[in-house]
Amino acid sequence: MARHLITSAIPYINGIKHLGNLVGSQLPADLYARYQRARGNEVLFLCATDEHGTPAELAAAKAGQPVAEFCADMHATQAKIADGFRLSFDHFGRSSSPQNHALTQHFAGRLADAGLIEEVSEKQVYSNADGRFLPDRYIEGTCPNCGYDGARGDQCENCTKQLDPTDLINPRSAISGSTDLEVRETKHLYLRQSQMRDQLNAWIDSKSDWPILTTSIAKKWLNDGDGLQDRGITRDLAWGVPVKRGAEDWPGMEGKVFYVWFDAPIEYIACAQEWRDAGKGSDWERWWRTDKGADDVRYTQFMGKDNVPFHTLSFPATILGSGEDWKLVDYIKSFNYLNYDGGQFSTSKGRGVFQDQALDILPADYWRWWLLSHVPESSDTEFTWETFQQDVNKDLADVLGNFVSRITKFCRSKFGEEVPSAGTFGPAEEALIADLDRRIAAYQSHMDAIEIRKAAGELRAIWVAGNEYLQSAAPWSTFKTDPDMAAAQVRLGLNLIRLYAVLSAPFIPDAAQTMMTAMQSDDWSWPSDAATALAALPGGHAFTVPDVMFTKITDDQHADWQTRFSGTRD
RNA sequence: GGCGGUAUAGCUCAGUUGGUUAGAGCAGAGGAAUCAUAAUCCUUGUGUCCGGGGUUCGAGUCCCUGUACCGCCA
């Protein structure tokens, strides 16, 4: 039995995410996790919330809550939404957990011992009114280049010129508006990634099977300009993991915390400890320590393309630099962006569909199916209500839902609500079985390779094969002349429903459960061959006719949602 | 400005190491059937494969160049 460690990029805590955040990491990771479990493999599927940093502090302030309380509430909210989408995390952790605090400090200590941490003094803008240092982008002022009044300390969004905060004319705090700013000297820790460039380069080079999107981004950061740059891993903030060297205090670093990009990926490991501590498992090290049983684990990460540098370089640098036997990622599946109706999803402009709204208007399976079958694997993908309506109605309601409906209702009217026993399979049935064997093999190989769109296409073709068979076998016709043959045809059709439940469950778990329940079965075993799988429900086995599985999206709903989620356009 | 990605049928996309008349789903058109959520099934593609050069016996596929969109970095 193979063992799969699977992680999804961890979503930031500052608010409810839109669909773009779902499709780029959590949903495909869930698909893969469900598939591997279905194949009988051992899976540990982890995700968490990324809770530290300035945006979280500001979001909490805006909500009028202490930041710890805000994060706890928002974590619960995101966990509820994840559950709504049927994301099957073995544990949904928090980067603010005590486990992550300790582990982050541990890694910092190991890296320091290995000579990979450097203390650097630098000048940063301090706001007396806010009582804090301000990150570059939280300083606003007049652009020295174009005169735009709302330029940020990192870049003027009017003329796109890159800036230093000290370039701004009449700088002010973006948080309070205060102009009582001063430049102060402060000391920070830098991770000397540049020292590990050759090691990282060789590691990336060894990953010839990774998606081009993943390796090209990594190589660019390794080789661009002066090569991989050292990065600051601490900040002058209150909310975060306090800087410590292992369990020891770090002289000169009092009151500082680690920067989010340092502690967030470490949460992947800490999350396994949380999982253990929550009583969901007994041994987390056999998943994460190659010297303690994780040698045979295959570790796959899922993320949007914006997260690739941290996962290909920074986090591996942390792990390799520690000198300990931590598990490195085996395969990184990265995704492009999902666009919304001619533009980008925008949190600030309220453009696009947010995850809670999506679940309010339609069941999870509708979203799961459309998003996964259109997942942006090779380039950005466009969401439009028109294609969403068309595709979901066609694939789920017409092709799959109607198949279940037509065969169960036909059987009920002619043979009653049990699988008919009479008749034997002929050439048409054998041909279907051979076709299914080929298609299931193709489906598996696409799923094994995490080629999601291809897998979705093959699954859809498997649904279509059932309709093709019924159409040519025409039991409603044979019933008049040869009821026994009709019985055999219906028996095959009913067994297809159970097989579809098994094969479809990774994509649409709720509908799969509906199908399985209707067939009054609990046999979720993955098919070894179609002939055997289609004999699972013998003659005489009782079933029920399920309610309509997928109601169609109407034109009125389409129009209503198109308007409601358009947001404010400029 | 530097780098990377993308550009294939009305729409969403496949096209493996260059090799025969460029494919799939949806939409459109025609037909069959009537068990079913008016659902299904069959038939139907005259596409300057973004433009322009080049390499090659042969390029959607490689090289150069231009254009458009997206992203990352400075």
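Because the structure is predicted, anything quoted here is derived from the model rather than measured. Numbered from 1 within each chain, the chains take letters A, B, ... in sequence-line order.
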Determine the contact category for A/Val464: base if any of its heavy atoms lies under 4.0 Å from a base atom, sugar-phosphate if only primed atoms, P, OP1 or OP2 are that close, otherwise nothing.
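Sugar-phosphate, backbone atoms only, no base.
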
Just to be sure I understand the rule, does A/Phe550 reach a base, reach only the sugar-phosphate, or reach nothing, if contact means heavy atoms closer than 4.0 Å?
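Since a base atom lies under 4.0 Å of A/Phe550, the category is base.
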
Counting heavy atoms from C-beta on, name the nucleotide in [options] closest to the side chain of [X].
X        : options             : answer
A/Ser405 : B/C26, B/U37, B/U12 : B/U37
A/His374 : B/U40, B/C26, B/U12 : B/U12
A/Phe410 : B/A39, B/A27, B/C35 : B/C35
A/Gln390 : B/C26, B/C41, B/U37 : B/C26
A/Trp476 : B/C26, B/U12, B/U34 : B/U34
A/Lys394 : B/C13, B/C26, B/C42 : B/C26
A/Asp398 : B/A39, B/U37, B/A32 : B/A39

Return no unless some side-chain N or O of [X] is found under 4.0 Å from OP1 or OP2 of [N].
X        : N     : value
A/Arg460 : B/C26 : yes
A/Lys552 : B/A38 : no
A/Lys454 : B/G15 : yes

Tell me the closest heavy-atom pair linking A/Arg86 and A/Arg34, and the distance in Å.
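Closest approach of A/Arg86 to A/Arg34, heavy atoms only: O-NH2, 2.6 Å.
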
Any side-chain donor-acceptor pair under 3.5 Å between A/Thr544 and A/Glu417?
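Judged by distance alone, the side chains do not pair up.
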
So OG1 of A/Thr300 and CD1 of A/Ile332: to nearest 0.5 Å the spacing works out to 10.0 Å

Please confirm whether the ring centroid of A/Phe403 lies under 6.0 Å from the ring centroid of A/Tyr500.
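Aromatic pair counts; centres sit under 6.0 Å.
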
Are the side chain of A/Ser521 and the backbone of A/Thr517 linked by a donor-acceptor contact shorter than 3.5 Å?
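Not at all, since once roles are kept as given, no pair shorter than 3.5 Å links the two residues.
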
Which value, in whole Å, describes the distance between the P atoms of nucleotides B/G45 and B/G23?
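That atom pair is separated by 11 Å.
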
Separation of A/Arg453 atom CZ from B/G15 atom C1', in whole Å?
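Taking CZ of A/Arg453 and C1' of B/G15, I get 14 Å after rounding.
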
First encountered from the 5' end of RNA chain B, between A/Lys480 and A/Glu451
A/Glu451

